[in-house]
Protein chains: 2
Amino acid sequence: MAKAESNVDRLYDALRGMAAEFAFKPGERINESALAQQLNASRTPIREALNRLVAEGFLTFQSGRGFFCRPLSPEAVLDLYEARVAIECEAARLACARASDDDLAELAAWLDRIAPDYVTATDAVRLLEMDEGFHRRIVALSGNGELARLLDNLNDRVRYVRMIDLRAMQRGNAARPDMMAAHRRILDALTARDAEAAAQAMRAHIARRRDEAAQAVREAYAQLYVPDL
Amino acid sequence: MAKAESNVDRLYDALRGMAAEFAFKPGERINESALAQQLNASRTPIREALNRLVAEGFLTFQSGRGFFCRPLSPEAVLDLYEARVAIECEAARLACARASDDDLAELAAWLDRIAPDYVTATDAVRLLEMDEGFHRRIVALSGNGELARLLDNLNDRVRYVRMIDLRAMQRGNAARPDMMAAHRRILDALTARDAEAAAQAMRAHIARRRDEAAQAVREAYAQLYVPDL
DNA sequence: GCGCGCAAAATCGTATACAGATTTGCATTA
DNA sequence: TAATGCAAATCTGTATACGATTTTGCGCGC
């Protein structure tokens, strides 16, 4: 998204992207020298970026043994979904109290504008983009920068699995209108200034996907360890 | 808390502690060379630790200009309190469903054991320790490692202000029985397996302190910029 | 007196080197 | 064959150095 010019940012973005899409396999040890060569840099800035990714939960670190990719376990993914519920339900409550009528009207207009795509969109990437976009807007309306920060981080870490889940959903049946309807329901509750209903709708919307996460993790392993689909 | 042996961990812990208690003044630029000398290390490991602290929200970073202490603004502190509400209310709900009767009995016993201290404790440090201990236990009972991680981070970042708030509370009047009662109320809701009530009690408990945060921030500035009290 | 610009000093960004720790692979032995 | 121990190779941890960038301070002109 944010394209930074400086070299250190370039490295950070690259590594973050690799970690997000599991270019490092779960649990795998990360070789600093190899990365340095691959990314045309020395180990020093690479290590700085890796340290940041540790703090962000993308990687783990063992003293004396180096950096490792985070494990990809069903439990960890469920935890992330639950954390999303925590953040987003509260964000919905706050947005209910703080968003201006104009803000909500604008969000409604945005939903209307992309509505056709919800059904048309063939690739999961576009679908996920729209879904994340909606949720990010809600959090923005909460006016709480910390919640926004936390949600961005959670989304980045769970994106790989969500993508797989979305693809499965797409294959299975047309659950897309469902998603669209869920978003609309949340917005309606916000417009009605009903914090409880908004939080409930948000909870239901996320929990619905959460239940399939374990299955998605299994598919994720298949994708990661089989050459190509 | 966790005493780490390796040198890099020593540096990380030291810097994290300094950042938490605002040994760097809000907004202040951080001089790497000076830190390196002060902590008996070279700039390389210092910078690695600083990068982690950036990712954890203790510091900010500007390309080409270096590291800075996070600003201490009322808005930022309110955001942190609201994030705590998000995390802890959801944790309470989850704990309601997942904690075993034994777990809850143990927590009740712990509350009983430290009850005398709630009134006796003269120093805010001890009081804050007990309060954080209770909240950490609740999150532990939620069984969600991610929520625990997030709460630890939020607590570390808001501790300085909470401490000042607690001291003010201590001076003002004996609101300590209130705090005690609030904890008891939360536990009761958990024991009754009433998720809604638990979340509500948690929300009220945190929000009560939240409202004083702005005032605490003002006092924090006074403490930071006046030699000693 | 007040900005403006330039040069000096300070500071950051990162490559590189090397010491120490860890892992690997092989040979030896029960 | 499986286990063990040792030595070589690999990799991490950190100091150091130096070019690039930013900040500072001073002198000049208005």
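Residue numbers begin at 1 in each chain, while the letters A, B, ... track the order of the sequences.
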B/Arg52 side chain to A/Ala55 main-chain N or O, any donor-acceptor pair under 3.5 Å? no
Covered region of DNA chain D, 5' end to 3' end, by chain A [heavy atoms, under 4.0 Å]: D/dC11 to D/dT14
Keeping the roles fixed (side chain from A/Asn144, backbone from B/Asp79), state whether a donor-acceptor pair exists under 3.5 Å. yes
Test item: B/Tyr221 side-chain N/O and B/Leu72 main-chain N/O as donor-acceptor pair under 3.5 Å: yes
B/Phe22 and B/Tyr160 aromatic ring geometry - parallel, tilted or perpendicular at 30°/60° bounds: perpendicular
Could you give the CD1-to-P distance, from B/Ile46 to C/dT11, as a whole number of Å? 15 Å
Just verifying a value: how many Å separate B/Ile164 CD1 and B/Glu219 CD, rounded to the nearest 0.5 Å? 7.0 Å
End-to-end axis angle, where each axis spans five pairs of the helix from C/dG1-D/dC30 to C/dA30-D/dT1, to 10°: 20°
Between P of C/dG20 and CG of B/Asn7, the distance in whole Å: 14 Å
Check each of B/Arg137, B/Arg126, B/Arg162 against B/Asp131 using the salt bridge (charged side-chain N to carboxylate O under 4.0 Å, His left out) test, and report the only one that passes. B/Arg162
Please indicate whether B/Gln37 has more than 12 foreign heavy atoms, meaning atoms of other residues, nucleotides or ligands, lying under 6.0 Å from its CD. no
Distance, rounded to the nearest Å, where A/Arg10 contributes CZ and C/dG13 contributes P: 15 Å
Could you check whether any side-chain N or O of B/Asp103 sits under 3.5 Å from a backbone N or O of B/Ser100, counting only pairs where one atom can act as donor and the other as acceptor? yes
Separation of C/dG13 atom C1' from B/Glu48 atom CD, nearest Å, is 14 Å
Cation-pi between A/Arg47 and A/Phe67: NZ/CZ under 6.0 Å from ring centre and within 45° of the ring axis? no
Cation-pi, A/Phe24 ring and A/Arg29 (6.0 angstrom, 45 degrees): no
Mind running a 4.0 Å heavy-atom check of residues 26-41 of chain A against DNA chain D and sending the residues that fall below it, in number order? A/Arg29, A/Ile30, A/Asn31, A/Glu32
Give a yes or no answer on whether the side chain of B/Arg70 reaches the backbone of B/Leu59 with a donor-acceptor pair at less than 3.5 Å. no
Let me have the donor-acceptor pairs involving side chains of residues 148-156 of chain A, under 3.5 Å, with sequence neighbours excluded, atom names and distances please.
unit_1   : atom_1 : unit_2   : atom_2 : d
A/Asn153 : OD1    : A/Arg157 : NH1    : 3.1
A/Asn153 : ND2    : A/Glu56  : O      : 3.0
A/Asp156 : OD1    : A/Arg159 : NH1    : 3.1
A/Asp156 : OD1    : A/Arg159 : NH2    : 2.9
A/Asp156 : OD2    : A/Arg16  : NE     : 3.3
A/Asp156 : OD2    : A/Arg16  : NH2    : 2.2

Separation of C/dA10 atom P from B/Arg43 atom CZ, nearest Å, is 15 Å
With the criterion being N/O to N/O and under 3.5 Å, what pairs connect the protein with nucleotides 5-7 of chain C, and how long is each?
none

Hey, are B/Glu90 and A/Arg203 close enough for a salt bridge, meaning a charged N less than 4.0 Å from a carboxylate O? yes
Keeping the roles fixed (side chain from A/Gln223, backbone from A/Ala220), state whether a donor-acceptor pair exists under 3.5 Å. no
Heavy atom of residues 60-71 of chain B under 4.0 Å from DNA chain D: which residues? B/Gly64, B/Arg65
The reported gap from CE in A/Met202 to NE2 in A/His135 (rounded to nearest 0.5 angstrom) is 5.5 Å
